[in-house]
There are 2 protein chains.
Amino acid sequence: MTISADLLTRCPLFDGISPEDLPGMLACLGARSMRADKGSVILREGSPAKDVGILLSGCVQLIRTDFAGNRTIMMSITPVKLFAESFSCSKAGLLPVDVIASEESDYLLIDCRRIMTACTHACSFHSRIIFNLLQIVADKNLALHQRALITAGRSTREKLMTYLLIQAKEANNARFSIPFDRQGLADYLEVDRSGLCAEMSKLKKEGVLDYYKSDFRLLNLPMQDTIE
Amino acid sequence: MTISADLLTRCPLFDGISPEDLPGMLACLGARSMRADKGSVILREGSPAKDVGILLSGCVQLIRTDFAGNRTIMMSITPVKLFAESFSCSKAGLLPVDVIASEESDYLLIDCRRIMTACTHACSFHSRIIFNLLQIVADKNLALHQRALITAGRSTREKLMTYLLIQAKEANNARFSIPFDRQGLADYLEVDRSGLCAEMSKLKKEGVLDYYKSDFRLLNLPMQDTIE
DNA sequence: CCTCCTGCGTTGAAAATTCAACGGAAATTC
DNA sequence: GAATTTCCGTTGAATTTTCAACGCAGGAGG
């Protein structure tokens, strides 16, 4: 895949870096270009965490399966975001999750040490990159807090509505799409799939919600409601 | 409270900083010494996140209460650890949780900008501090992943046992104490308190577990089992 | 020493989730 | 284009959790 500079400027790791400096910087960081088929494992739980991933296209998910077989989706990553960076920055050094491509995906891998330690060329933007990385890891932290707020609901309906309201708020629109199929959503909310389907149907009958596949619309919401 | 240098050298933010440099560094960072009574709110959800907290004594917890009244304990902080640092480093800028002293506590507050931007004295340890901060935020990330693994269990028993096994592993001992009372543990595991008590009693009857107040002991565990 | 309050364990009934199974629709594969 | 696989929605029974309430022990405070 040819990496467009436009794509990378939208990556939060390179905030404040001018586009013309990007190619040299990528070379300096030793970025490797990768591709993953849909459903394939990009990084395996328990393996050493050394790299920072940058998702260029597709979609990847952080998934943990416990000994009882419960599958949990911790987070869904969309372009042009980082993944696995928190694990590579931490002391632990082992991945607590599988990183899986839920769609065919292109991504870069960068050895985290190349980011965290000053490069041989003493490039002037390095401190900015580290600053950006700190902010990104902190933002991931916030996302995990938000997910915990969702799963803290004591019923399927409560979890689902909390999730959907947050999505609508982030999209700033009563219509929005989600990066999950039904099973994926159930695994993200930590509920049973069939129970989730049943609750969704109920909400549709009640006129609270409308949906088709992964496109949703919240009704009776004090918010703009536009189609594109 | 007099701040002993020994205490601060155990704070991960100052890893790699020599003890004699600490007092000057604290002054440079503008650290303010604070005290909180048991049960009092140190930082309020929704207020601007600007400071990094360093807990010197006592215990603080990150607590979120949703609109339905469900109380969730996201994390319990013990000395000499940081708190609220992730929120102050993130773009969001607002606290997603209440920070509450579960015991009478002493702590320091440091304006996060003083840490993240080079100080006027251009102190040579600043980059080390930022590096440490990145690692700490990443470690918090890991802790949240671990908590999610616990709450992913589909039953009270599963959540409880996952939690206790992790505690025993971290203590490297089948005997250990936890920083929660029953209600607190229930709020951390996201289960009902009475159901938790019932499950604990059952496990005790079954000979899997023994406990008194907040002291626990896992039986039949392939692990050393010593009384201090 | 007595009273008040908090935390803990128990119980029973109501409600919700989980689990297994099935049919249909849509997408994928050959 | 036909077969196959995957995804989705539904249902009913079994299992759990939730919720409200109560008694008791221990500590705090007057």
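Just so you know, these numbers use all the heavy atoms, side chains as well, and skip hydrogens, waters and symmetry mates.
Applying the 6.0 Å contact sphere to NZ of A:Lys204 captures more than 12 heavy atoms from other residues, nucleotides or ligands.
In plain terms, the two heavy atoms of A:Ser57 and A:Asp106 that are nearest each other are OG-OD2, 2.8 Å. Closest non-hydrogen pair, A:Leu196 versus A:Arg182, comes out as CD2-O, 3.7 Å.
Using cut-offs of 30° and 60° for the angle between ring planes, the B:Tyr163 and B:Phe180 rings count as tilted.
For the segment residues 193-206 of chain B, residues with any heavy atom less than 4.0 angstrom from an atom of DNA chain C are, sorted by number, B:Arg193, B:Ser194, B:Cys197, B:Ser201.
Between B:Arg157 and B:Glu206, at least one side-chain N (NZ, or NE/NH1/NH2) sits under 4.0 Å from a carboxylate O, which counts as a salt bridge.
Here C:dT6 presents its P atom at 12 Å from NZ of B:Lys38, a figure rounded to the nearest Å. Rounded to an integer number of Å, the gap from B:Asp215 CG to C:dG7 C1' is 16 Å. Rounded to whole Å, atom C1' of C:dC19 lies 18 Å from atom CZ of A:Arg71. Atom CG of A:Leu185 and atom P of D:dC7 are 14 Å apart (whole Å). The CD atom of B:Glu190 sits 15 Å away from the C1' atom of D:dT18 (whole-angstrom rounding). The CZ atom of A:Arg154 sits 13 Å away from the P atom of D:dA20 (whole-angstrom rounding). Per the geometry, CG belonging to A:Asp210 stands 12 Å off P belonging to D:dG9, to the nearest Å. Here C:dT17 presents its P atom at 10 Å from CD of A:Glu158, a figure rounded to the nearest Å.
Nucleic acid contact for A:Tyr211: sugar-phosphate only, since backbone atoms but no base atoms lie under 4.0 Å from a heavy atom of the residue. Within 4.0 Å (heavy atoms only), A:Asp181 reaches sugar-phosphate atoms of the nucleic acid but no base atom.
Which of C:dT18, C:dA27, D:dT16 sits closest to the side chain of A:Lys213 comes down to C:dA27.
When the side-chain contact (heavy atoms from CB on, under 4.5 Å) test is applied to B:Lys213, no partner is found at least two apart in sequence or on another chain.
Between the side chains of B:Asn70 and A:Glu158, at least one donor N or O sits under 3.5 Å from an acceptor N or O.
Between B:Arg182 and the phosphate of C:dG9, there is a side-chain N or O to OP1/OP2 separation shorter than 4.0 Å. Remark: A:Thr156 is in phosphate contact with C:dT17, judged by side-chain N or O atoms under 4.0 Å from OP1 or OP2.
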